[in-house]
There are 2 protein chains.
Amino acid sequence: MNKPVLQNWQSVQAEVLRRIHSRHWKPGDLIPTETELAAEFGCARATVNRALRTLAESGLLDRRRKAGTRVALQPVAKATLDISLIRHDVEARGQTYGYQLLERRMEVPPPAVSGAIKTASKTKLLHLQALHLADSSPHAFEDRWINTDVVPGAIAEPFDVISGNEWLLSHAPYTHGDIAFSAATASEREATVLGCAGMSALFVIDRLTWNNDGAVTKVRLAFEPGHRMRTVL
Amino acid sequence: MNKPVLQNWQSVQAEVLRRIHSRHWKPGDLIPTETELAAEFGCARATVNRALRTLAESGLLDRRRKAGTRVALQPVAKATLDISLIRHDVEARGQTYGYQLLERRMEVPPPAVSGAIKTASKTKLLHLQALHLADSSPHAFEDRWINTDVVPGAIAEPFDVISGNEWLLSHAPYTHGDIAFSAATASEREATVLGCAGMSALFVIDRLTWNNDGAVTKVRLAFEPGHRMRTVL
DNA sequence: CAGTGGTCTAGACCACGAT
DNA sequence: TCGTGGTCTAGACCACTGA
């Protein structure tokens with residue numbers, strides 16, 4: 001009986017994963033306690049805890065005090081998307097990034113926007129429209145509203161060379177936000193600006209971010225036809 | 001000088017977050033070492049480590065041995081998407097889930113599929129097409145190829161009441177996979193099955209999963225027009 | 001009530017990597 | 001080289017929750 005001593009949490013995690021994938025521990029099964037596993041592996045309980053806690057965070061295990069640790073019945077796949085700056089995305093693909101401001105004006109937003117940002121319906125907000133380019137061809141169309149009550153500094157920024165996202169990140173970082181992904185048919189303006197056919201299907205990201213003072217910005221990004229957002233499971 | 005003793009990693013993390021958001025520590029700044037913070041907060045270094053490590057995993061801090069810990073210049077937003085079963089999604093919205101198998105046959109896949117699954121180009125695979133319903137109306141169209149070399153048990157499964165995803169989760173769990181999100185115009189078949197206009201923009205998920213024996217399945221999910229996938233930042 | 005996971009501590013050693 | 005984060009240990013106490 002060989003007892004390979006597992007002394008770091010990664011190897012403990014790998015062994016636990018091996019037992020799950022080999023169906024030695026099946027979905028729904030109760031697995032040994034941390035103390036038992038620590039004894040078996042010859043390591044401290046804290047090491048086992050780190051291994052199991054990480055697996056629980058990724059959805060593969062269900063842990064409850066007193067009830068113990070079970071292999072998840074239906075592992076909810078958690079895909080982590082890195083929402084980076086469009087500039088970084090483009091440059092990471094080896095293309096040259098370009099930016100072009102199309103519109104910049106203070107105006108009263110449509111009800112959908114003022115409702116989301118929760119300003120009085122007649123309050124003017126800073127409205128930006130811009131185009132992100134990859135190798136000189138249109139990559140994404142950005143339509144952004146900035147809450148100048150929360151970010152007064154934006155009024156003085158022309159946004160002609162730096163995008164709204166990059167400026168906001170360094171001048172008014174958000175504390176939290178929500179994001180939605182969807183598909184939409186290109187509007188006439190989007191088709192014109194992106195240089196695509198009128199009814200093309202566009203991948204769209206809508207984002208609304210907040211800091212401690214309130215809503216910072218609402219942005220809609222419509223990507224060129226064919227754009228894919230990838231990640232691993 | 002009050003020194004509120006912070007004794008758990010969540011409160012240490014909250015204090016660090018407060019200093020970042022209040023711009024006491026600005027993007028790019030080097031923050032004190034774990035040892036210094038532990039002394040300041042009156043807790044063990046391991047507690048500070050857990051707080052800072054978690055923040056680094058979420059992209060808000062950059063940590064490097066010897067170089068120390070810095071506030072991230074451009075916090076890469078990490079959005080975690082829970083890719084759950086469509087059935088759970090539908091039921092979570094309070095709708096009734098339905099499933100309908102449209103096609104099930106062994107056939108030679110198109111080159112794109114055999115290339116991704118890495119089988120010989122003439123190998124037949126199990127091809128499923130199915131419809132997921134929410135409150136009796138079409139919700140998503142599933143087009144799936146299953147590698148019967150890796151999952152021979154699938155040949156005997158009719159898939160008439162249980163979806164490919166649910167069957168595979170309990171009979172051939174994957175160890176890893178990749179996933180891509182995009183937008184596509186509805187094909188004629190998709191428009192017919194989903195009951196939408198011919199050129200509608202559909203939100204599409206493509207997924208390819210593997211276990212230790214090779215590629216398990218390749219699936220494309222096309223959602224009804226207007227479908228959104230949300231999460232928080 | 002008692003078992004299990006969640007966390008903290010104080011100390012130790014190690015690995016990486018900036019200088 | 002040597003400072004910093006990464007991790008392990010052994011022990012302790014606590015919080016939650018099932019029985």
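Chain letters run A, B, ... following the sequence lines, proteins first, then strands; residues in each count from 1.
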Qualifying residues under side chain to side chain contact (heavy atoms under 4.5 Å, CB included), relative to A/Q100, sequence neighbours excluded: A/L102, A/L131, A/L133
Partners passing ring pair (Phe, Tyr, Trp, His ring centres under 6.0 Å) against A/H171 (at least two apart in sequence or in another chain): A/W167
Suppose we screen for side chain to side chain contact (heavy atoms under 4.5 Å, CB included). Which residues come up paired with A/R65, at least two apart in sequence or across chains? none
Where at least one partner belongs to residues 129-155 of chain A, residue pairs that pass salt bridge (charged side-chain N to carboxylate O under 4.0 Å, His left out), sequence neighbours excluded: A/E142-A/R144
List in chain and number order the residues that pass side chain to side chain contact (heavy atoms under 4.5 Å, CB included) with B/T231, two or more places apart in sequence or in another chain; answer none if no residue qualifies. A/I179, B/A79, B/L81
Using the closest heavy atom to pick a nucleotide of DNA chain D for each, name whichever of A/W9 or A/R45 lands nearer the 5' end. A/W9
For A/T69 and C/dG5, is the shortest distance between a side-chain N/O and OP1 or OP2 below 4.0 Å? yes
Mind jotting down which residue pairs meet the salt bridge (charged side-chain N to carboxylate O under 4.0 Å, His left out) criterion with at least one end in residues 45-64 of chain B? Sequence neighbours excluded, please. B/E34-B/R45, B/E34-B/R63
Using both pair distances under 3.5 Å as the test, note the stems of at least 3 consecutive Watson-Crick or G-U pairs that include DNA chain C. C:1-18 with D:1-18
First and last nucleotide of DNA chain D, 5' to 3', lying under 4.0 Å from heavy atoms of chain B: D/dG3 to D/dT7
With respect to A/L52, which candidate in A/L60, A/V12, A/L61 satisfies the side chain to side chain contact (heavy atoms under 4.5 Å, CB included) definition? A/L61
Walking DNA chain C from its 5' end, the first of A/L52 and A/A46 to be reached, judged by nearest nucleotide, is A/L52
Listing request: all salt bridge (charged side-chain N to carboxylate O under 4.0 Å, His left out) pairs with a residue in residues 78-102 of chain A, at least two apart in sequence or in separate chains. A/R87-A/E91, A/R87-A/E166
Tabulate below the donor-acceptor pairs under 3.5 Å that side-chain atoms of residues 202-216 of chain A make, not counting sequence neighbours, or state none.
from, atom 1, to, atom 2, distance (Å)
A/N211, OD1, A/D213, N, 2.7
A/N211, OD1, A/G214, N, 3.4

Select base, sugar-phosphate, or nothing to describe what B/Q10 touches, counting heavy atoms under 4.0 Å on all strands. sugar-phosphate
Where each residue is assigned the nucleotide of DNA chain C containing its nearest heavy atom, which of A/R53 and A/G68 is assigned the position nearer the 5′ end? A/G68
Please identify each residue that fulfils ring pair (Phe, Tyr, Trp, His ring centres under 6.0 Å) with B/Y99, with sequence neighbours left out. B/H132
I want to check something: taking the side chain as every heavy atom from C-beta on, are B/H139 and B/I86 in contact at a cut-off of under 4.5 Å? yes
Please list each protein N or O that sits under 3.5 Å from an N or O in nucleotides 14-17 of chain C, with the distance.
from, atom 1, to, atom 2, distance (Å)
C/dA15, N3, B/R65, NE, 3.2

